[in-house]
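Data block below; observations after.
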2 protein chains.
Amino acid sequence: MTELVAIYACLCDRTRLRILNLLCQGPLCVCHIQEILGEPQVKVSKHLGYLKAHGLVEVSRSGSWRIYRLVAKRTKVLASNLACLQDCAAEDRTFRRDVEKLTVLRRDLDGDAPACCASPKPNRRPIRGR
Amino acid sequence: MTELVAIYACLCDRTRLRILNLLCQGPLCVCHIQEILGEPQVKVSKHLGYLKAHGLVEVSRSGSWRIYRLVAKRTKVLASNLACLQDCAAEDRTFRRDVEKLTVLRRDLDGDAPACCASPKPNRRPIRGR
DNA sequence: TCCGTTTATTCTTGTTAAGGCATATACCGC
DNA sequence: GCGGTATATGCCTTAACAAGAATAAACGGA
């Protein structure tokens with residue numbers, strides 16, 4: 001039950017929902033999450049930290065990038081809720097657009113496996129205009 | 001998306017989860033929820049208020065009792081999440097015990113339809129010892 | 001009309017968390 | 001080692017909320 005409450009606590013924030021929705025598509029580095037969400041770095045980083053602290057995601061390093069992904073071993077409860085989230089996300093504009101952006105991003109990166117900054121196109125637009 | 005966040009906000013509290021789990025079994029009056037949860041009246045009332053304010057439950061009066069129930073028309077998102085919750089609840093001790101208590105309570109009340117205080121057994125134990 | 005029961009509301013206090021700014025840390029290439 | 005990029009952390013302010021105590025409101029019955 002405590003676990004369930006913790007999961008719902010993670011899910012009751014818009015930014016975290018968008019992040020989780022993206023991670024359902026596979027591992028991602030922070031900068032891509034940032035770019036897709038269009039949210040400031042601190043915000044994204046903090047929410048990722050929150051999700052990690054509560055056991056929903058895990059990190060690995062790849063050079064100077066951190067690759068976030070959904071935890072590999074998921075309890076039944078977590079799996080159920082992620083599935084439910086995906087269901088719900090399928091009908092939401094924002095969620096769908098995020099995934100579309102991700103798809104584009106991956107195509108621009110020649111679609112190699114852990115699609116992250118690891119292999120950026122030279123002329124990729126900088127993150128967050130300013 | 002906003003709706004989804006609101007739903008999760010409702011779900012990220014232990015007491016509310018227990019209440020919703022009970023209401024999944026059917027309408028209930030406040031005093032029975034109180035009795036089953038073993039939580040003080042204020043607490044239960046407030047959480048019911050919260051759930052109502054966020055559109056997860058609705059109330060009707062029956063004499064001096066208020067009968068709470070899950071909202072009749074549920075969005076797809078809400079329905080999905082309630083189903084998911086029930087799934088998760090099935091494997092949790094507290095949730096199961098709450099439902100068992102409810103079953104007993106209903107049996108004691110001769111199992112008539114909107115099982116609430118409307119027809120209490122004369123020798124029913126008072127709510128919350130004090 | 002007064003009483004007891006049922007439920008909600010108000011007020012207060014402590015905790016948690018969100019968002020922003022500035023800064024720190026870690027790594028890369030030179 | 002230096003500068004630049006990527007990411008995290010600390011501090012601050014503000015808002016939301018949980019919980020408890022006391023009280024109010026609404027109703028039924030004698």
Side-chain angles (χ1 to χ4, degrees), chain A residues 2 5-6 8-19 27-54 56-69 114 116-120 122 124-130, chain B residues 2 5-6 8-19 27-54 57-69 114 116-120 122 124-128 130:
Chain A
T2 311
V5 171
Y8 286 132
C10 286
L11 297 180
C12 69
D13 177 274
R14 180 185 172 87
T15 305
R16 287 197 290 266
L17 280 185
R18 291 177 72 192
I19 292 176
L28 268 178
C29 72
V30 181
C31 56
H32 280 178
I33 298 176
Q34 249 177 266
E35 186 163 353
I36 295 171
L37 299 195
E39 297 281 3
Q41 184 260 322
V42 203
K43 192 170 174 180
V44 171
S45 179
K46 276 190 188 162
H47 282 299
L48 283 169
Y50 188 104
L51 290 173
K52 185 174 147 228
H54 290 79
L56 295 222
V57 306
E58 52 196 13
V59 209
S60 60
R61 315 181 77 121
S62 163
S64 57
W65 298 285
R66 312 276 167 121
I67 313 294
Y68 278 85
R69 70 200 72 223
C116 83
C117 313
S119 53
R124 197 157 66 75
R125 290 221 324 282
I127 293 177
R128 304 242 64 206
R130 70 171 167 107
Chain B
T2 312
V5 171
Y8 286 132
C10 286
L11 297 181
C12 69
D13 177 275
R14 181 185 171 87
T15 305
R16 288 197 290 265
L17 281 185
R18 291 177 73 191
I19 291 175
L28 268 176
C29 71
V30 180
C31 56
H32 280 178
I33 298 177
Q34 248 177 267
E35 183 163 357
I36 294 172
L37 299 195
E39 297 281 3
Q41 185 260 325
V42 203
K43 193 170 174 180
V44 172
S45 179
K46 275 192 192 159
H47 283 297
L48 283 169
Y50 188 103
L51 291 173
K52 183 173 150 230
H54 289 79
V57 305
E58 52 195 14
V59 210
S60 60
R61 317 181 75 121
S62 164
S64 56
W65 299 282
R66 312 275 168 121
I67 313 294
Y68 279 86
R69 71 200 73 221
C116 84
C117 313
S119 53
R124 196 159 66 77
R125 290 222 323 282
I127 294 178
R128 302 244 66 206
R130 72 177 167 101

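All figures in this text were calculated on a predicted structure; none of them were measured in a lab. Values below: every heavy atom of this structure, side chains too, minus hydrogens, waters and symmetry copies. Naming: A, B, ... by sequence-line order, numbering from 1 per chain.
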Could you give the CD1-to-P distance, from A:Ile67 to D:dA6, as a whole number of Å? 12 Å
May I ask you to evaluate whether B:Tyr68 reaches the phosphate of C:dA8, defined as a side-chain N or O under 4.0 Å from OP1 or OP2? yes
Is the shortest side-chain N/O distance from A:Ser64 to OP1 or OP2 of C:dC27 below 4.0 Å? no
Heavy-atom pair of closest approach, residues A:Ala9 and A:Arg16: O-NH2, 3.1 Å
Side-chain contact check for B:Val42: nearest option of C:dT7, C:dT9, C:dG20 is C:dT9
Nearest heavy-atom pair of A:Ile36 and A:Arg18: which atoms, and what distance? O-NH2, 3.9 Å
Please determine, for the side chain of A:Trp65, which listed nucleotide (D:dA6, C:dA8, C:dA26) has the closest atom? D:dA6
Given C:dA26, is OP1 or OP2 found less than 4.0 Å from the side-chain N or O atoms of A:Arg61? no
Can you tell me the distance, in whole Å, between the CD1 atom of B:Ile19 and the C1' atom of D:dA18? 13 Å
Integer-rounded Å distance: D:dA22 P and B:Lys43 NZ: 18 Å
Using the closest heavy atom to pick a nucleotide of DNA chain C for each, name whichever of B:Val59 or A:Cys12 lands nearer the 5' end. B:Val59
Looking only at heavy atoms, the pair that brings B:Val5 and A:Cys12 closest together is CG1-O, 3.3 Å
What is the separation between atom CD on B:Glu39 and atom P on D:dA18, rounded to the nearest whole Å? 13 Å
Length of the CG-P vector between B:Leu37 and C:dT7, whole Å: 13 Å
In whole angstroms, the gap separating P of D:dT5 from CD of A:Gln34 amounts to 14 Å
Please pick, from D:dA19, C:dC21, C:dA8, the nucleotide with the shortest atom-to-atom distance to any side-chain atom of A:Lys46. C:dC21
In whole Å, I'd like the distance from the CZ atom of A:Arg66 to the C1' atom of C:dT25. 8 Å
Establish whether the base of D:dA6 is bridged to the side chain of A:Gln41 by a donor-acceptor pair shorter than 3.5 Å. no
B:His32 NE2 to C:dT6 P, in whole Å, measures 10 Å
Spacing of CD1 belonging to A:Ile33 relative to NE2 belonging to A:His47, to within rounding of 0.5 Å: 12.0 Å
Closest to the side chain of B:His47, out of D:dA19, D:dA8, D:dC17, is D:dA19
Would you say that B:Leu17 contacts A:Tyr8 through its side chain, given a criterion of any heavy-atom pair below 4.5 Å between the two side chains? yes
Taking the side chain of A:Tyr50 as its heavy atoms from C-beta onward, which of C:dG20, D:dT7, C:dA17 lies nearest to it? C:dA17
Any side-chain N or O of A:Arg16 below 4.0 angstrom from OP1/OP2 of C:dA18? yes
